[in-house]
Amino acid sequence: MTSRKQTELINTIPKTELHVHIEGTFEPELMFAIAERNDIRLKYKSVDDLRAAYQFNNLQEFLDIYYAGAYVLLYEQDFYDLTKAYLKKCYEEKVVHTEIFFDPQTHTHREVPLENVINGIVQACIDARNEWGITYRLIPNFLRHLSEEDAIKTFKELLAFGDLFTAFGLDSSEKGHPPAKFKRVFEMVRAEGFLSVAHAGEEGPAQNVWDAIDLLKVARIDHGVRSIDDVVLLEELARIEMPLTVCPLSNLKLKVVNDMVDHPLKKLLDHNIVATVNSDDPAYFGGYMNANFHAVNEALELSDKDIVTLAANSFKASFLPDEEKQKWIGEIGSLIS
Ligand code: ADE
Ligand code: ZN
């Protein structure tokens, strides 16, 4: 049983979020409001109807609904409202820094200009920094179910906004689309001086984690939970301090794990891996950052030390400057000493 003290620790400890898709924070209420003002008819009759459809047997079933939901996002104001609502949650949950993913191709493929997407997201981030002190980084992700040529074309278009981005990532359907497919575009990303991250080892095998590191030269692995199948990989991840941005409620909802008590997070920590907790697509998976912490804390009976390690890892694995990381890690350490 989780103590009141631990609940309080989770809710109040400063943390960063390193794995959240802004399109995955689209709450049904906001989706209906934006659909109405944009004169778009949703295929669901009500918010409750839509929520009831959020039952997934695998990643692809989720992605089909997630891309359909994003169709109502058209204008800068839509992306602003979406992002500001997520950042308000961050403020309420003591997420002091967030590194936000977005999927440019989901929008450009239906003729929504990149300016609408990027200006809306950026303005919300600037306002949240001014109002709530939240810092941020932006990470466009390439869709791995599309071709590498399409990713390269998108990358070239995004370079016009290059100063706004810290890194580039890779998401969408992992099965059938291994890291090797995107080797060239990740070389271009590096040549332009950006960092990179990639979803790997979510539904796909541990080999995809090796390949994301060796072929794509990523600075972090998104998910990476299938690394648990490969003891040599676990040792390597610990040795090179490669962070894993783990998303517990996502893994449960997409049946990557059958039960939260089977989630490998605690084992990853026990292997000294820089694992972090994140929400992925919180509007679809039943909770934001703190709900993810509470879910693993309850199921895996984490200690106070584990919670502090997870929060400290989130700063360690972030793309913040070193002195800022150290400031936050020092503050976290003082909470249980
Ligand atoms: N896009 C949004 N959420 C994702 C996930 N969990 N895996 C892959 N692509 C995604
Ligand atoms: Zn993700």
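Both ligands and their constituent atoms are indexed starting at 1 by order of listing.
Ring-centre distance between His145 and Tyr67: below the 6.0 Å cut-off. Less than 6.0 angstrom separates the ring centroid of Phe62 from the ring centroid of Tyr284. Checked against the 6.0 Å centroid threshold, Phe182 and Phe142 do not count as a close aromatic pair. Between Phe32 and Tyr44, the gap from one ring centroid to the other reaches at least 6.0 Å. Taking the six-membered ring where the residue is Trp, the centroids of Phe79 and His107 are separated by under 6.0 Å.
Considering Val95, Thr98, Asn11 in turn, Val95 is the only one that fulfils the side chain to side chain contact (heavy atoms under 4.5 Å, CB included) rule with Met289.
Taking Lys156 as the reference, nothing meets the side chain to side chain donor-acceptor pair (under 3.5 Å) condition, with sequence neighbours excluded. With sequence neighbours left out, the side chain to side chain contact (heavy atoms under 4.5 Å, CB included) criterion links Asp270 to Lys266.
At a cut-off of 2.8 Å, His199 coordinates the Zn ion (ligand 2) through an N, O or S atom.
Counting protein heavy atoms only, atom 3 (N) of ligand 1 is closest to Asp281 OD2, 2.7 Å. For atom 7 (N) of ligand 1, the closest non-hydrogen atom on the protein side is Glu202 OE1, 2.7 Å. Looking from atom 1 (N) of ligand 1 to the surrounding protein, the closest heavy atom is His21 CE1, 3.5 Å. Among protein heavy atoms, the minimum distance from atom 9 (N) of ligand 1 is reached at Ser172 N, 2.8 Å. Of the protein's heavy atoms, Asp280 OD2, 2.7 Å lies nearest to atom 6 (N) of ligand 1.
Where the criterion is an N or O separation shorter than 3.5 Å, residue side chain and backbone included, Tyr67 fails it with respect to ligand 1.
Using a 4.0 Å cut-off to heavy atoms of His223, the atoms of ligand 1 that qualify are 6 (N). The atoms of ligand 1 that sit less than 4.0 Å from any heavy atom of Phe62 are 2 (C), 3 (N). The ligand atoms of ligand 1 that sit less than 4.0 angstrom from a heavy atom of Asp171 are 1 (N), 9 (N).
Shortest distance from the Zn ion (ligand 2) to Asp280 is reached at OD1 (N/O/S atoms only). Considering just the N/O/S atoms of His19, the one nearest the Zn ion (ligand 2) carries the name NE2.
With 3.5 Å as the limit, one finds no donor-acceptor pair spanning the side chains of Asp281 and Tyr54. With 3.5 Å as the limit, one finds a donor-acceptor pair spanning the side chains of Asp211 and Gln207.
Using a 4.0 Å cut-off between heavy atoms, Asp103 makes no contact with ligand 1 at all. Contacts between Leu63 and ligand 1, counted as non-hydrogen atom pairs separated by less than 4.0 Å, involve the side chain only. At a heavy-atom cutoff of 4.0 Å, ligand 1 is contacted by no atom of Glu174, backbone or side chain.
Under a 4.0 Å heavy-atom criterion, Gly24 is not in contact with ligand 1.
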